[in-house]
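Any value given below was found using the heavy atoms of this structure, including those in side chains, with hydrogens, waters and symmetry copies removed. In what follows, chains are A, B, ... by sequence order, proteins preceding strands, each numbered from 1.
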2 protein chains.
Amino acid sequence: MPEGRTGQGYSGESLLFLTDEQLRQGIEAMFFAYRGFTADPDRILAEMSYGRAHHRAIHFINRSPGTTVNNLLSILGVTKQSLNRVLRTLIGDGLVISKVGELDKRERHLYLTEQGQALEATLSDAQRARMRAAYKDAGPEAVQGFKTVLEAMMDADMRRAYAKLRD
Amino acid sequence: MPEGRTGQGYSGESLLFLTDEQLRQGIEAMFFAYRGFTADPDRILAEMSYGRAHHRAIHFINRSPGTTVNNLLSILGVTKQSLNRVLRTLIGDGLVISKVGELDKRERHLYLTEQGQALEATLSDAQRARMRAAYKDAGPEAVQGFKTVLEAMMDADMRRAYAKLRD
DNA sequence: CTTGGAATGTCAACAACACTGACATAAACT
DNA sequence: AGTTTATGTCAGTGTTGTTGACATTCCAAG
């Protein structure tokens with residue numbers, strides 16, 4: 001087997017050599033970049049006794065105010081027990097409120113309180129600052145490519161969830 | 001304030017509008033894509049009783065055979081206690097061997113056994129298959145942009161570690 | 001109106017993976 | 001000889017995830 005050469009060889013029209021080495025670089029880039037991606041919010045969250053799970057919940061509640069627990073569950077891809085523990089602390093700390101549904105009273109609709117919005121803004125600002133700097137460094141064409149590859153990397157159901165949020 | 005517009009406005013020469021909305025899409029793309037990125041190896045690892053930490057150790061030992069514990073530590077960005085726990089199980093299970101350094105006998109140089117290489121290949125193949133598919137979908141220019149943005153997103157020391165691995 | 005099932009919440013137990021702090025050993029450096 | 005470096009290990013703790021079991025509420029179908 002030719003060293004480092006992928007089984008596919010050429011990829012049809014694009015003349016794209018995809019050596020294992022190139023793919024491995026992409027894998028490592030994802031690993032190191034994700035660390036940077038979460039580093040700033042992580043530092044802020046560590047000061048309060050929150051973690052990434054709290055950040056994610058806050059992010060998506062802010063993104064879709066009034067979302068139900070079930071909806072959040074499918075976006076975050078965790079069990080209800082895991083999410084519930086996080087939501088309980090956020091509700092207890094007055095960052096999130098949960099309103100019983102009017103149409104369907106089983107459902108709980110989630111909203112950020114003012115305090116919750118303030119934390120969301122702090123976390124988002126930190127994360128957006130890094131993203132903005134990276135985008136600016138890389139330039140607009142790179143950004144387009146970045147998003148295209150990331151989208152192609154998602155599972156089908158996550159791609160749907162992602163597209164839905166872009167409406 | 002103009003809705004969704006970032007405080008910076010234009011970004012100088014590139015005429016790049018970076019709305020909070022665009023940045024948030026990038027953030028969400030990273031979140032969902034990273035899930036896809038780790039999904040396939042995670043499934044394989046779950047069957048044996050290993051986790052992502054084992055995968056990362058195996059990956060970088062394979063990448064740099066004979067690397068020392070300290071070197072691995074700085075790449076992975078965890079504590080020695082955390083890494084040691086993982087290495088102990090991998091050595092115990094015969095996937096990794098640790099050789100006392102010849103020049104400096106304090107150092108332990110890490111290598112994958114044949115069995116370790118086999119697992120590495122299985123995990124890598126799964127992850128590379130997804131990466132290859134994503135690259136093929138997105139095309140070569142997108143891939144270049146993808147890597148550029150990811151690199152810009154890293155912390156400085158991680159960018160160094162990443163560059164070093166590319167030699 | 002009763003029953004089945006869906007949505008939610010809660011309790012308990014557990015595992016993976018990270019952390020800190022403390023301590024031990026061996027080897028290298030000064 | 002004394003200090004620093006590299007590594008390993010033990011104990012304790014916290015966050016985040018998992019399963020499994022069970023209760024409550026309430027819509028909807030029979």
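Atom CG in B:Asp104 sits about 7 Å away from atom P in C:dC29, given to the nearest Å. The CE atom of B:Met48 sits 18 Å away from the C1' atom of C:dA15 (whole-angstrom rounding). To the nearest angstrom, P of C:dA28 lies 9 Å from CD of B:Glu107. Note: CG (A:Leu103) to C1' (C:dA6) measures 16 Å, nearest angstrom.
Taking every heavy atom of both residues into account, B:Val149 and A:Ala138 meet most closely at CG2-CB, 3.6 Å. In terms of heavy atoms, B:Leu110 sits closest to B:Ser98 at CD2-CB, 3.8 Å. In terms of heavy atoms, A:Phe31 sits closest to B:Ile75 at CE2-O, 4.2 Å.
Contact annotation: B:His54 side-chain N/O to C:dA16 OP1/OP2 distance is not under 4.0 Å. For A:Asn70 and C:dA6, the shortest distance from a side-chain N or O to OP1 or OP2 is not below 4.0 Å.
Taking a heavy-atom distance under 4.0 Å as the criterion, the stretch of DNA chain D touched by chain A extends 5' to 3' from D:dT15 to D:dC27.
Between B:Glu28 and A:Lys147 there is no salt bridge, since no side-chain N of the basic residue sits under 4.0 Å from a carboxylate O of the acidic one. Using a 4.0 Å cut-off between a side-chain N of Lys or Arg and a carboxylate O of Asp or Glu, A:Arg43 and A:Asp40 qualify as a salt bridge. Salt-bridge formation is not detected for the pair A:Asp125/A:Arg132: no Lys NZ or Arg NE/NH1/NH2 atom is positioned less than 4.0 Å from an Asp or Glu carboxylate oxygen. Between A:Asp155 and B:Arg35 no salt bridge is recorded (no basic side-chain N to carboxylate O distance below 4.0 Å).
Nearer to the 5' terminus of DNA chain C, by closest-nucleotide assignment, is the contact made by A:Arg106 (compared with the other of A:Arg106 and B:Glu102). With DNA chain D read from its 5' end, the first of the two nearest nucleotides for A:Arg108 and A:Ser49 is the one closest to A:Ser49.
Using modelled atom types, one finds no donor on one side chain facing an acceptor on the other under 3.5 Å when comparing B:His109 with B:Glu102.
Considering only heavy atoms from C-beta on, B:Pro65 stays 4.5 Å or farther from B:Leu112 through its side chain.
Shown for residues 77-90 of chain B: residues whose heavy atoms fall under 4.0 angstrom of DNA chain D, namely B:Lys80, B:Gln81, B:Asn84, B:Arg88.
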